[in-house]
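Below is one structure; the comments refer to it alone.
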Protein chains: 2
Amino acid sequence: MSDEREQKQGRVADTVSGLLQGGTVPEARRMLNALHPAEIADLLESFPVAERKLLWELVEEENGGEVLLQVNDEVRSGLIEEMDEAELLAATSGMDVDDLADFMQDLPKTLTGAILRSMDNQNRQRLEAVLAYPEDSAGGLMNTDTVTVRPDLSLDVVMRYLRMRGSVPELTDHLFVVSRFDHFLGVLRVSDLLTRDPASPVADVLDTEAVAIAADKPAREVAKMFEDRDLISAPVLDERGRLIGRITVDDVVDVIRDEAERSILTMAGLGDEADLFAPIWSSTRRRALWLGINLLTALLAAYVIGLFEGTIQQVVALAVLMPVVASMGGIAGTQTLTLVTRALALGQVASRNTRALLVKELGIGILNGLMWAAILAGIAVIWFGEPAIGAIIAAAMVINLFVAGLSGVGVPLMLKRLGVDPALAGGVVLTTVTDVVGFMAFLGLATIFLI
Amino acid sequence: MSDEREQKQGRVADTVSGLLQGGTVPEARRMLNALHPAEIADLLESFPVAERKLLWELVEEENGGEVLLQVNDEVRSGLIEEMDEAELLAATSGMDVDDLADFMQDLPKTLTGAILRSMDNQNRQRLEAVLAYPEDSAGGLMNTDTVTVRPDLSLDVVMRYLRMRGSVPELTDHLFVVSRFDHFLGVLRVSDLLTRDPASPVADVLDTEAVAIAADKPAREVAKMFEDRDLISAPVLDERGRLIGRITVDDVVDVIRDEAERSILTMAGLGDEADLFAPIWSSTRRRALWLGINLLTALLAAYVIGLFEGTIQQVVALAVLMPVVASMGGIAGTQTLTLVTRALALGQVASRNTRALLVKELGIGILNGLMWAAILAGIAVIWFGEPAIGAIIAAAMVINLFVAGLSGVGVPLMLKRLGVDPALAGGVVLTTVTDVVGFMAFLGLATIFLI
């Protein structure tokens with residue numbers, strides 16, 4: 001986010017909230033609805049719940065639906081609670097089928113019924129087609145606003161048909177060529193429609209090589225495909241090869257954004273806490289779980305320290321220095337973990353290259369271990385004037401950074417095999433290992449050589 | 001990355017590396033070049049440097065350029081080192097101007113000269129236009145393959161012009177309407193071209209409201225705009241309002257992906273280490289900096305512990321329990337930090353809502369603090385049979401989780417004001433605070449009440 005945009009948004013926000021306090025509601029309403037729905041959404045997210053509700057009241061009906069689609073899920077459900085059935089029906093009226101399908105996940109069952117009843121037959125069938133697939137599959141992402149043509153028509157006729165139609169759906173970069181039984185034959189690129197001889201039949205121009213997506217393909221795979229092939233839209237086929245919809249790049253961009261979002265929130269154990277102003281109590285509960293898990297691992301580390309109480313009693317310097325060894329291991333391990341987790345997500349780690357990866361990361365661990373061991377040893381000796389402690393902490397450091405490299409590679413691979421998301425659990429498991437090994441190595445060596 | 005895709009890629013990878021070892025090079029070459037350039041790129045990234053070079057030799061020339069554009073910067077520069085001038089010129093020949101501009105950043109100066117010389121005048125001027133802007137600005141992202149028309153033409157004439165032209169650039173969803181002096185007037189949507197009356201003049205159909213982007217707009221702002229408005233392409237104007245190029249959604253998708261990538265690598269202090277198999281020594285150096293910074297903060301925490309050596313000597317249990325208090329603070333603080341850093345990036349945190357945010361996070365800190373303090377106190381009492389220690393660790397826990405909430409909000413805001421990227425430095429600063437406060441509170445209280 002650049003300062004410019006931010007400042008603009010900031011200015012509007014400040015003015016609006018000022019106007020609200022000042023009670024000059026009409027002015028605030030005007031300013032708010034002058035913004036693009038996506039900007040209104042950003043703005044709503046940035047207000048505490050109470051003010052957010054006030055603001056939401058001011059959003060005009062024709063913006064309502066689009067804004068609801070742009071705010072994050074958590075904020076959305078908060079806003080929906082504020083709306084009565086009539087308002088919700090109005091908000092959904094303008095939505096594309098794919099957006100509507102997502103949206104309905106957040107609605108009370110009673111309402112989804114009302115919405116379905118409020119639709120004409122064709123749209124209802126389309127919506128039900130989308131709802132039939134999981135939200136994070138190609139079928140769930142798809143829209144049903146496909147424009148189809150037959151192969152035997154001439155481009156000229158197609159153009160007349162489009163003129164008669166009067167409009168084409170947004171993000172239409174090609175029309176879909178289908179048989180009489182809706183069987184997908186290929187795509188007719190708009191660019192070809194514009195540049196090829198109008199007399200020639202669609203059959204001569206259609207591209208049969210175009211990417212077609214199976215309805216059950218996972219959303220992230222669809223995203224990767226759009227990214228790799230620079231697609232704007234792609235046809236979605238059912239298991240019998242019939243065209244049932246299309247996916248457009250705008251929805252794919254959202255998938256990519258959400259994925260990135262989630263992985264960052266997940267690493268901090270925030271789960272789906274996306275609302276900056278989620279109610280205190282619900283946030284507390286959500287975060288408590290993560291803290292509880294961490295408490296267990298911290299107690300495990302504490303237990304290891306407890307094994308050496310006697311040693312610490314005799315050489316208190318150990319208690320002073322032991323966190324350094326543990327934390328350096330945690331940092332080094334996290335670096336490897338991040339790299340490997342990312343590579344796993346890209347499908348770039350396999351048995352064939354695990355060994356090479358391990359060798360590299362262990363090498364880095366040893367090299368950095370030796371370097372920082374030397375420095376830390378020097379500091380320890382100067383600090384406590386006890387060469388033995390320097391030697392011991394140096395050894396512990398090398399051991400822990402070696403183990404950090406080992407588990408930075410091993411932990412995510414293991415978690416993946418266990419079917420656990422490395423992005424979620426990797427950090428906790430890894431730091432537990434580096435803490436335990438760090439304390440164990442340092443205090444253990446001290447017990448052997450100092451006592 | 002889904003298993004399916006991964007397995008497919010895995011199978012190819014295994015077979016290819018098998019074939020290479022087996023020495024049946026032609027077979028390997030065939031398999032490799034049967035893949036989409038983006039898939040070849042993924043594959044290359046997943047091989048250790050030595051094998052990667054072998055594989056790169058097998059990539060056919062017509063794929064070379066596209067593959068080079070798809071691999072990450074670090075891998076790319078590795079591959080470029082393997083290529084002689086002729087190969088590089090061949091690779092660049094097919095590239096779009098915007099891709100070429102990025103690509104040239106990685107080339108030795110001598111070669112950029114050669115490339116410029118190898119181009120015809122028009123393309124050279126176009127390239128120089130793009131190179132005139134920073135890589136991460138609209139001007140750096142833009143391509144110069146714009147199709148422009150005059151307002152006084154009829155749609156019919158425009159269509160004939162396009163047919164004469166024989167093709168339109170990829171991702172063309174509208175043509176650009178300009179005055180005789182290249183002054184941007186608006187866009188002519190392809191959808192309108194297809195659906196409106198051919199006799200009507202462009203002037204009646206053109207959209208003057210269409211988004212136009214200033215060449216110096218930062219890339220991330222451009223990305224946000226494409227995302228908010230669901231754009232496929234947008235015109236880029238120079239400071240005098242003349243059309244100098246266009247940005248297409250495929251480049252924007254890359255911007256979004258890279259941003260997400262970078263923020264994750266940055267949080268681990270990996271900087272731009274994107275190559276899974278970067279040379280050990282260079283990776284070691286890159287990561288050493290981060291470890292060095294962490295060593296300083298760890299020593300600071302150690303110093304704090306050192307202040308209480310006497311206390312620890314008398315009550316060793318304190319040494320056992322102190323890491324628990326510190327680590328719980330670190331976890332809780334990181335949760336707040338992650339949420340606030342993200343909101344900052346979205347421009348959603350400003351003076352107007354900082355207070356509300358702080359109140360919420362402090363509330364969460366206190367609630368979770370009390371809850372886990374009670375539990376931890378119980379454990380401590382059972383473990384060491386010393387009620388006083390339970391009371392003290394409970395108090396320290398509440399204090400540290402309160403401070404964690406405080407600095408989770410305060411640290412990123414402060415860093416931003418100082419012009420430091422919160423995603424980079426936030427974690428280190430925060431955990432330093434929670435470590436220091438954790439040890440200080442726990443050992444301090446113990447010194448007061450136990451000794």
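Naming convention: chains lettered A, B, ... in sequence-line order (proteins, then strands); numbering from 1 in each chain.
Ranking A:H36, A:M267, A:R165, A:Q70 against chain B, the residue ahead of the rest is A:H36, based on heavy-atom pairs under 4.5 Å. Your options are B:I280, B:V340, B:T172, and the one with the most heavy-atom pairs under 4.5 Å with chain A is B:I280. For the options B:L295, B:T334, B:T248, heavy-atom pairs under 4.5 Å to chain A are most numerous at B:L295. Ranked by heavy-atom pairs under 4.5 Å with chain B, the list A:I305, A:I264, A:D192, A:L291 is led by A:L291. When B:D173, B:L339, B:V252 are compared by the number of non-hydrogen pairs under 4.5 Å with chain A, B:L339 comes out ahead. Between chain B and the residues A:L299, A:D251, A:V190, the most heavy-atom pairs under 4.5 angstrom are made by A:L299. Heavy-atom pairs under 4.5 Å with chain A were tallied for B:S351, B:A332, B:A278; the largest tally goes to B:A278. For the set A:L307, A:V158, A:T431, A:L171, the entry with the most heavy-atom pairs within less than 4.5 Å of chain B is A:L171. Ranked by heavy-atom pairs shorter than 4.5 Å toward chain A, the options B:T338, B:L265, B:L194, B:V168 are led by B:L194. Of the listed residues (A:E309, A:M328, A:R287), the greatest number of heavy-atom pairs within a distance under 4.5 Å of chain B belongs to A:R287. Between chain B and the residues A:R196, A:R285, A:Q314, the largest count of heavy-atom pairs under 4.5 Å involves A:R196. Per-residue heavy-atom pair counts under 4.5 Å with chain A were compared for B:V253, B:D250, B:V249, B:L401, and the maximum is reached by B:D250.
Contact detail for A:A288 and B:W372: the closest heavy-atom pair is O-CZ2, 3.2 Å. Across all non-hydrogen atoms, the minimal contact from A:V320 to B:G306 is CG2-CA, 3.8 Å. Taking every heavy atom of both residues into account, B:L357 and A:F277 meet most closely at N-CE2, 3.5 Å. B:A302 and A:W383 get closest at one heavy-atom pair: C-CH2, 3.8 Å.
Looking at B:T311, neither its backbone nor its side chain comes within 4.5 Å of chain A, counting heavy atoms on both sides. Residue contact with chain B, scored on non-hydrogen atoms closer than 4.5 Å, is absent for A:L318. Neither the backbone nor the side chain of B:L337 comes within less than 4.5 Å of any heavy atom in chain A. With a 4.5 Å cut-off on non-hydrogen atoms, B:V324 touches chain A through its backbone and its side chain both. Residue contact with chain A, scored on non-hydrogen atoms closer than 4.5 Å, involves the side chain of B:M322 exclusively. Interface remark: B:E261 contributes side-chain atoms only to the contact with chain A (heavy atom separation under 4.5 Å). In this structure, chain A has a heavy atom under 4.5 Å from the backbone of B:V359, while its side chain stays farther away. Heavy atoms of B:A301 lying under 4.5 Å from chain A are absent altogether. Only the side chain of B:M371 comes within contact range of chain A, with heavy atoms under 4.5 Å apart. The part of B:S263 that comes within reach of chain A is its side chain, from C-beta onward, which places non-hydrogen atoms under 4.5 angstrom from that chain.
Looking at B:N294 and A:S327, their side chains do bring a donor and an acceptor atom within 3.5 Å of each other.
Once rounded to the nearest 0.5 Å, the distance linking CD of A:E227 with CD1 of B:I256 reads 9.5 Å. Atom-to-atom distance recorded for A:I232:CD1 and B:S233:OG is 8.0 Å, nearest 0.5 angstrom. Atom OG1 of B:T284 and atom CD1 of A:I364 lie 5.0 Å apart (nearest 0.5 Å).
Using a distance-only test at 3.5 Å, with no hydrogens or angles considered, a donor-acceptor pair links the side chain of A:Q348 to the main chain of B:D42. When atom types are taken as modelled, the side chain of B:N353 and the backbone of A:S46 share a donor-acceptor pair closer than 3.5 angstrom. When atom types are taken as modelled, the side chain of A:Q313 and the backbone of B:Q313 share a donor-acceptor pair closer than 3.5 angstrom. Between the B:K360 side chain and the A:P48 main chain, no donor and acceptor come within less than 3.5 Å of each other.
Using a 4.0 Å cut-off between charged nitrogen and carboxylate oxygen, B:R189 and A:E170 do not count as a salt-bridge pair.
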- Decide salt bridge (Lys or Arg N to Asp or Glu O under 4.0 Å) for A:E39 and B:K224; before the verdict, give the C-alpha distance in whole Å, the side-chain angles of both, and the deciding distance to 0.1 Å. CA-CA 10 Å; A:E39 289 164 358; B:K224 183 85 173 91; over 6 Å; no
